[in-house]
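Both counts, for ligands and for their atoms, begin at 1 and track the order of listing. All values reported here derive from a predicted model rather than from experimental measurement.
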Amino acid sequence: MFENFKPLPADSILSLVKMFREDPREQKIDLGVGVYKDASGATPIMRAVKTAEKQLWEQETSKSYVALAGDPGFSDVMVDLVLGDSVARETVAAAATPGGTGAIRQAFELIALANPDARVFVSNPTWPNHVSILNYLGMEYVSYRYFDSETRGVDFDGMLADLKEVKAGDVVLLHGCCHNPTGANLNLTQWQAVVDLLNETGAIPMVDIAYQGFGDGLDEDAAAVRLVASSVPQSLIAASCSKNFGIYRERTGILMAVSADASQRGLNQETLAFLNRQNFSFPPDHGARLVTLVMNDAELRADWKAELEDVRVGMLNLREQLAGELQRLSGSDRFGFLAQHRGMFSRLGTTPEMVTKLREEHGIYMVGDSRMNIAGLNAQSVPVLAKAIIDVGV
Ligand code: PLP
């Protein structure tokens with residue numbers, strides 16, 4: 001059996017990690033991997049999470065199973081965090097999943113279960129795992145235009161034109177905020193146009209929200225997903241706690257199914273639990289419990305929000321510093337998009353050759369499509385990056 005395995009293409013980000021590790025240059029800069037890093041290059045455990053972990057260690061008396069959909073208390077705090085009061089709680093079915101990736105996988109399986117003919121429309125580009133999981137599941141997907149390589153913003157006319165091809169029952173996958181890998185996002189007027197199109201066509205939105213709190217703020221980053229959930233009859237939402245709670249390895253995420261018709265919720269909830277049962281049975285609990293403890297304790301919650309806000313503002317400052325430095329060096333505003341982008345990533349929009357040159361000649365590591373992790377920078381490395389960008393002729 002094993003001899004039937006085919007070698008898989010190397011993961012481009014993991015190869016980059018290896019190359020970076022083996023690079024002896026002291027001034028090398030890692031803008032590759034998608035985890036938050038502070039100015040010293042560390043990915044810290046957030047203060048409130050650490051405190052919650054201590055409390056949990058003292059208070060938890062059993063490691064017995066919880067429930068197929070996870071702890072209902074976790075669902076409550078997450079529905080509140082993501083959806084606020086945009087929809088009635090009794091219209092939302094929710095199940096904990098292993099990370100945001102688990103939620104995405106379960107959402108795709110739910111789509112295939114409900115409508116094997118559904119096509120999933122994905123932005124071009126999108127997070128590569130979206131496409132990879134769809135391929136693995138043998139599901140049909142269609143790319144819609146998204147990134148304008150001239151302006152490095154959203155090609156909104158192209159996006160809407162491509163989305164006009166959706167049919168009732170198709171699914172449109174949207175990044176709730178902080179688009180990965182481009183950093184370019186729709187404004188709320190554009191989101192409303194997408195919502196109108198969904199309502200005209202009967203296509204169903206699936207919102208992937210993995211960076212709430214990394215863009216413009218917790219509520220601001222959730223404004224689009226709240227607009228969508230409250231404006232269409234049915235929606236799917238896959239949320240990750242990996243980034244905004246800094247609990248990557250705990251695998252904490254949630255899938256929500258929102259239905260305008262509250263009487264649908266019971267069946268939705270049963271289906272989410274069924275899908276968990278088939279794939280991994282009970283979802284991981286540790287990270288979910290930490291999130292629940294933090295969110296239900298006013299002091300911890302306030303401290304978490306304050307630390308997350310520092311992370312967000314830190315990344316925004318780096319964006320502005322980089323855009324400013326590039327304006328100074330190039331004498332033009334053509335890098336202004338870096339300050340407009342939101343979240344951890346920006347697509348620089350260069351050729352793969354320039355990405356190679358940045359790595360080989362300047363020790364600057366970014367993904368081949370020129371995605372940079374802004375959190376990989378600090379005040380000292382920004383001028384180094386800016387100079388190198390100009391040097392390779394971007
Ligand atoms: N969705 C997007 C767009 C992401 O970038 C990520 C992580 O990189 C995820 C979902 C899922 O993250 P995780 O499975 O680590 O929670």
Within a 6.0 Å radius of atom CD1 on Ile45, are there more than 12 heavy atoms belonging to other residues, nucleotides or ligands?
no
Under 4.0 angstrom from ligand 1, any heavy atom of Lys243?
yes
Any side-chain heavy-atom pair of Thr151 and Phe337 under 4.5 Å
no
Ligand 1 to Arg251, heavy atom cutoff 4.0 Å, flagged ligand atoms 13 (P), 14 (O), 15 (O), 16 (O)
Check the pair Tyr65 / Phe282 against ring pair (Phe, Tyr, Trp, His ring centres under 6.0 Å), numbers first and verdict last.
CA-CA 7 Å; Tyr65 297 123; Phe282 298 91; 4.4 Å; yes
Do any nitrogen or oxygen atoms of Thr101 come within less than 3.5 Å of a nitrogen or oxygen of ligand 1?
yes
Is the closest heavy atom of Asn129 to ligand 1 under 4.0 Å?
no
Tell me whether Lys28 is salt-bridged to Asp23, with the criterion being a basic N under 4.0 Å from an acidic carboxylate O.
no
Just distances here: any N/O of Asn180 and N/O of ligand 1 closer than 3.5 Å?
yes
With heavy-atom distances below 4.0 Å as the criterion, list the atoms of ligand 1 near Ile104.
1 (N), 10 (C)
Which protein heavy atom lies closest to atom 13 (P) of ligand 1, and at what distance to 0.1 Å?
Ser242 OG, 3.4 Å
Identity and distance of the protein heavy atom lying nearest atom 9 (C) of ligand 1:
Trp127 CH2, 3.5 Å
Exceeds 12 heavy-atom contacts within 6.0 angstrom, atom CG of Asn135
yes
Measure from NZ or CZ of Arg371 to the centre of the six-membered ring of Phe345, then state whether that distance is under 6.0 Å and the direction lies within 45° of the axis.
yes
Quick note on ligand 1: atoms under 4.0 Å from a heavy atom of Ser240 include exactly 12 (O), 13 (P), 16 (O)
Less than 3.5 Å apart, any donor N or O on the side chain of Asp261 or Ser259 sitting next to an acceptor on the other?
no
Answer yes or no for Arg347 and Phe147: cation-pi contact, defined as NZ/CZ to six-membered ring centre under 6.0 Å and angle to ring axis within 45°.
yes
Would you say Gly100 has any N or O atom under 3.5 Å from an N or O of ligand 1, going by distance alone?
yes
Would you check whether His130 has a nitrogen or oxygen atom less than 3.5 angstrom from a nitrogen or oxygen atom of ligand 1?
no
May I ask you to identify, for Tyr211, whether its side chain, its backbone, both or neither come under 4.0 Å of ligand 1 on a heavy-atom basis?
side chain
Taking the six-membered ring for Trp and the full ring for Phe, Tyr or His, determine whether the centres of Tyr211 and His175 are under 6.0 Å apart.
no
Tell me: protein heavy atom nearest atom 1 (N) of ligand 1, and distance?
Asp208 OD2, 2.6 Å
